[in-house]
Amino acid sequence: MTNRYNAAEVEPRWQKIWDEADVFRANNKGDKKFYALEMFPYPSGRIHMGHVRNYAMGDVVARYKKAQGFDVLHPMGWDAFGMPAENAAKENGGHPKDWTYDNIAAMKAPLKRLGFALDWSREFATCDEAYYKQQQAIFLKFWEKGLVYRKTAKVNWDPVDNTVLANEQVIDGKGWRSGAVVEQRDMDQWFFKITEYAEELLEGLDTLERWPEKVRTMQANWIGKSEGLQMRFEFVSSSRDKVFYNKELKNLGSSIPVNPSQKEYTEFLETALSLSPSYEGVDLNVVWESVLNGIEIFTTRPDTLYGASFIALSPDHPLIKKIAINNAKLEAFRAECAKLGTTEEAIATAPKLGFDTGLKVKHPFVAGKTLPVWIANFVLMGYGTGAIFGCPAHDQRDLDFARKYNLDVTPVVLPDGEDAATYDIGTEAYTGEGTLFNSDFLNEFNKADGISAAIAKIQDMKLGQGVTNYRLRDWGVSRQRYWGCPIPVIHCEDCGVLPVPEADLPVALPYDNIDLTIPGNPLDRHPTFKHVDCHKCGKAARRETDTLDTFADSSWYFARFAGGQGKGLPDDAPFDKDMASQWMPVDQYVGGVEHAVLHLLYARFFTRGLRDCGLIDLPSGEPFAGLFTQGMVTHAVFTDEDGQYVMPADIIEDGNQLLHIETKKIITQGDVIKMSKSKKNVVDPNDIIEGYGADVARWFVLSDSPPERDVEWTESGVVGAWRFSKKIWNLVEGANKEFSPMSLANDASGDALELRKFAHKALEKITIGIEAFRFNTSVAQIYELTNALSKYKIQDAARAESLGILIRTIAPFMPHLAEECWSVLGGDGLVYHAPWPKLDAAMLVDDNITLPLQVNGKRRSELSIPKDMAKDDIEALALSDEAVIRAIGDGTVRKVIIVPGRIVNIVVS
RNA sequence: GCGGGCGUGGUGGAAUUGGUAGACACGCAAGACUUAAAAUCUUGUUCCUGUAUAGGAGUGCCGGUUCGAUUCCGGCCGCCCGCACCA
């Protein structure tokens, strides 16, 4: 008679035992440390299946490493600042702070109920004053170190969230959270100088061997390093006049000197400005500099300079802004460019548009040769210098442009095997390797040598120099929001922009008088927050009202977890330096791939900043040594007859159709997509825990699908997982309890030996699966071992040993069931503390093996032989096999290939 | 357009130095137990050759290398993800 396994009773009981014994607290970091971390959750109010999968994976690793004898740190906390709290307050009243802490309380219970081996003693929320106080201290340290600065910049403005977004947070021209089309605005902003580390962040990627290739590639592309030449094309002397001496000015009776000094020129422009209000804001020095310096361009292909046929400026180029004034045609052109749309996709697919400014510049190498200066909509102001030289023969965009506007196309790179006399560029630019020609001193060079030679020459001529360009921009962190970390800065009219003295930290968020129903920043209109006396001169000053981008919060939380040893979370430092330095880096980080360039890049930057401010000893600056990006949990979408989405829990199967439980409407099943509230295809983990238990939920999300891929939630799959847990329990209940689960049956023979072999082979594969993050294969092996235990009905030490292996290997996956089984079987202490089963290598080899026999690569038969049989004997046996003889027929045996232990292939013709 | 990944039964997937394709699970079918159902257990389940101790085909398609290819190479087709005129 077996007792039914009751997860609802068993699971909380073990959780209580773990809790009371405080077994998951990471106290000592010995020689073998392992820091397991999953991306901490935003406290939205409910746990979803994505969390379950994410934390189940981390928990498998944490528990497995513990069993392997590591000191494991596996903490948990809350990424608690952010817009949803403000939105909730706006929609439902209440306060963002209350909403957030209520949600944390609501989520902590189910998270604990899932039985993760988490060290809750280090728990914190990023909205805790103690946390953001330290973040403000870090901000000031970064400022001191030159990693923070302030400038007026064109920023991405999200009109729905009413805030600024970083470049990384603009996806396809839309805000990453709101989805609103992002506008450009000029604003005073705080920036983190992430570009300072562009090279290091790029090079560091090569050292991250345990990161997915995909994420590394994405980050490398985002940093976007390119090496090339920045140089200027000087204006042809007479054309300089044309820049500013346009018809309109002439008509107005102004005159420009032929070779003006800067003073004369400035006077001329001032006259011009006074004649037209649209000149307002023009910086005369900038204009003058462009006149003196010519047009700065950036290129990665200086080897093709002899093929240059035009210069193209971005429509946003500052020089254009000057010359566009009073030029109706040019204004019309710029308007036309703007009309094509501002989303990234629209820009990318827009037709090439050009405008000839009439200006001319000198070719640097060819005396007397001039190039026309065009404005082209495909040139981006945000990259390089906002200006290029066009070499149509060897750049597709330039070629499209040249063909459209009838500009010269001169090939200068000859592909191998082509004849210089006949080589012709049609509609496809040649961008590959080749030999330079039509290029005077560069002739006969290959691409790489040509590039070096051209750069050297330009440097000699003092027209430019070799430079490295990055796409990466500095990280704008000012947010005009309430629910974030206040930027610890004071603006004093006399003393300027001042850091808040460290002793005055934290700059705490006010709780009262926060009205989120009015657009704009509540801190800015708060009655007292803004008003502060300057600590330097004592006069009334203004407190900074912007808060930090919430991605800053998640850029160092892992270090605070690590440096919270002993005295708890420190209040006088972001973290204990020694402890953080010992635990860091995170050995295994697990989270969603959606953070590939956001959080994961910011954290790498921040950690370097912490290192360079002397806050942590971590020479590499890499916070995450191992990264795993897990797939999503998906579910079918259901709609009723009216096309309304229906929750899976509200559906009942009736014959061969699905009906709504209450309305009885017929339900149609749609696509399988990521669980989302709006599509109502969500399954609440709480329901699963109640119905089947935490172990079943954990087991299911780890079964079947490879962890990096999406897993489809299905009712039948859950039932299967539940059946399996019962099967394990039945095996344990029916076991002979005389033997300890730590038994070793070294003298086993017969069935007992077979079972032992099976168990150890399974153990090996289960272990490999966990190590390689292929939990689905570990799960499959656990099934096999379970099936073997059902098959071999023996009751002896070999069975106890195999069962002991089974229970210890399921422990990381289904810890409660494992504890219960371990206890019933008489295991010592907690299975959590039990060492990982020791692999008996002798059990992995068989004395007798089955060797497949192939004839011409087709399997015809098999041979059961001792594993070390001589090749000659194998050949003889193979050739005398009935099926083999039949397959050979009247053919002639040409060759017999014997791969010991693997296969025999007989080649017949 | 560029970069990366993927394509295997009805389904999820396994087969990581080129060596028995389809492990394991879900589903389905048959059977046992039961008054019955549920649960549980047993057996079968890539397709085709009406029967199968037999044979043929088969890992998106076409070709190549090899004694042997899901695996390596070339060319297509399809799907997913990322970047998107980055000079």
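A note on names: the letters A, B, ... follow the listed sequences, proteins ahead of strands, and every chain is numbered from 1. Note that the structure is a prediction, hence the values are computed from the model and not measured.
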Would you kindly give the CG-to-C1' distance between A/L702 and B/G12, to the nearest whole Å? 15 Å

Write down the partner of B/G78 under the Watson-Crick or G-U wobble criteria, each distance required to be under 3.5 Å. B/C6

Can you find a side chain N or O atom of A/N787 that sits less than 4.0 Å from OP1 or OP2 on B/A25? yes

From B/A87, B/G19, B/A23, pick the nucleotide closest to the side chain of A/E784? B/A23

Pairing partner of B/U66 (Watson-Crick or G-U wobble, both distances under 3.5 Å): none

NA contact type, A/F298, heavy-atom cut-off 4.0 Å: base, sugar-phosphate, or nothing? base

Stacked cation flag A/K352 on A/F378, 6.0 angstrom / 45 deg: yes

Give me the distance, rounded to whole Å, that separates B/A23 from B/G13 when you measure between the C1' atoms they each carry. 10 Å

Choose from B/U20, B/C67, B/G55 the nucleotide whose nearest atom is closest to any side-chain atom of A/R886. B/G55

So, A/E771 and A/R774, do they make that salt bridge, N to O below 4.0 Å? no

B/G12, B/G55, B/U20: which one has an atom nearest the side-chain heavy atoms of A/P852? B/U20

Describe the nucleic acid contact of A/V379 in one word from base, sugar-phosphate, nothing, applying a heavy-atom distance below 4.0 Å. base

Please check the phosphate of B/C26 (OP1 and OP2 only) for any side-chain N or O of A/R723 closer than 4.0 Å. yes

Below the 4.0 Å mark, does B/A15 have OP1 or OP2 next to a side-chain nitrogen or oxygen of A/R774? yes

Using the P atom as the reference point in each nucleotide, state the distance between B/A69 and B/G64 in Å, no decimals. 12 Å

Report the distance from atom CD1 of A/I906 to atom C1' of B/U20, rounded to the nearest whole Å. 14 Å

Between C1' of B/U20 and CD1 of A/I849, the distance in whole Å: 13 Å

Could you let me know what B/C41 is paired to, Watson-Crick or G-U wobble, both distances under 3.5 Å, or none if it's on its own? B/G31

CD of A/E213 versus P of B/U16: gap in Å, rounded? 21 Å

Minimum-distance nucleotide to A/R471 side chain [options: B/A39, B/G19, B/A84]: B/A84

Which part of the nucleic acid, if any, lies within contact of A/N905, taking any heavy atom under 4.0 Å across all strands shown: a base, the sugar-phosphate backbone alone, or nothing? base

Does A/N856 reach a base, just sugar-phosphate, or nothing at all? Heavy atoms under 4.0 Å. nothing

For A/F773 and A/S778, what are the C-alpha separation, side-chain angles and deciding distance, and is it a side-chain contact (heavy atoms from CB on, under 4.5 Å)? CA-CA 9 Å; A/F773 247 87; A/S778 298; over 6 Å; no

A/R709 side-chain N/O to B/C79 phosphate OP1/OP2 under 4.0 Å: no

In whole angstrom, give me the gap between the P atoms of B/U17 and B/U11. 28 Å

A/T300 side chain: which of B/C24, B/A87, B/G13 is closest? B/A87

Answer yes if the ring centres of A/W699 and A/F724 are under 6.0 angstrom apart, and no otherwise. yes

Think A/Y383 has a side-chain N or O under 4.0 angstrom from the OP1 or OP2 of B/A87? yes

For A/V908, run the side-chain contact (heavy atoms from CB on, under 4.5 Å) check against A/V896, A/T892, A/N856 and tell me which one passes. A/N856

Between B/A87, B/U20, B/G56, spot the one nearest the side chain of A/R860, thanks. B/G56

For A/H595 and B/G82, give me the distance from atom NE2 to atom P, rounded to whole Å. 14 Å

Between A/K858 and B/A57, does any side-chain N or O lie under 4.0 Å from OP1 or OP2? yes

Under 4.0 Å between any heavy atoms, over every strand shown, what does A/V907 touch: base, sugar-phosphate, or nothing? Just pick one. sugar-phosphate

Need one value for A/S226: base, sugar-phosphate or nothing, where a base atom within 4.0 Å counts as base even if backbone is also close, heavy atoms only. sugar-phosphate

For A/Q854, report the nucleic acid contact type (base, sugar-phosphate, nothing); a contact means any heavy atom under 4.0 Å. base

Distance, rounded to the nearest Å, where A/R859 contributes CZ and B/A54 contributes P: 10 Å

Which nucleotide in the set B/G19, B/A87, B/G82 lies at the smallest distance from any side-chain heavy atom of A/R902? B/G19

Would you mind calling B/G58 syn or anti? Take O4'-C1'-N9-C4 for purines or O4'-C1'-N1-C2 for pyrimidines, and syn is within 90° of 0. anti

Between B/C85 atom C1' and A/D400 atom CG, what is the distance in whole Å? 10 Å

Name the closest nucleotide to the A/S705 side chain, picking from B/C26, B/C85, B/G13. B/G13

Salt-bridge present (A/D846, A/K757; N to O < 4.0 Å): yes

Calculate the interatomic distance between A/N776 atom CG and B/C26 atom C1'; express it in whole Å. 14 Å

Could you check A/K761 against A/E764 for salt bridge (Lys or Arg N to Asp or Glu O under 4.0 Å), going step by step and ending with a plain yes or no? CA-CA 5 Å; A/K761 284 176 186 166; A/E764 187 192 29; over 6 Å; no

Taking B/C24, B/U40, B/C67 as options, the one with an atom nearest any side-chain atom of A/I897 is B/C67

Suppose we define a pair by two distances each less than 3.5 Å, Watson-Crick or G-U wobble; what does B/A57 pair with here? B/U46

Taking only the P atom of each, what is the distance from B/C72 to B/U16 in whole angstrom? 11 Å

When you measure from the centre of the six-membered ring of A/W729, is the NZ or CZ of A/K727 under 6.0 Å away and within 45° of the axis? no

Which part of the nucleic acid, if any, lies within contact of A/R301, taking any heavy atom under 4.0 Å across all strands shown: a base, the sugar-phosphate backbone alone, or nothing? sugar-phosphate

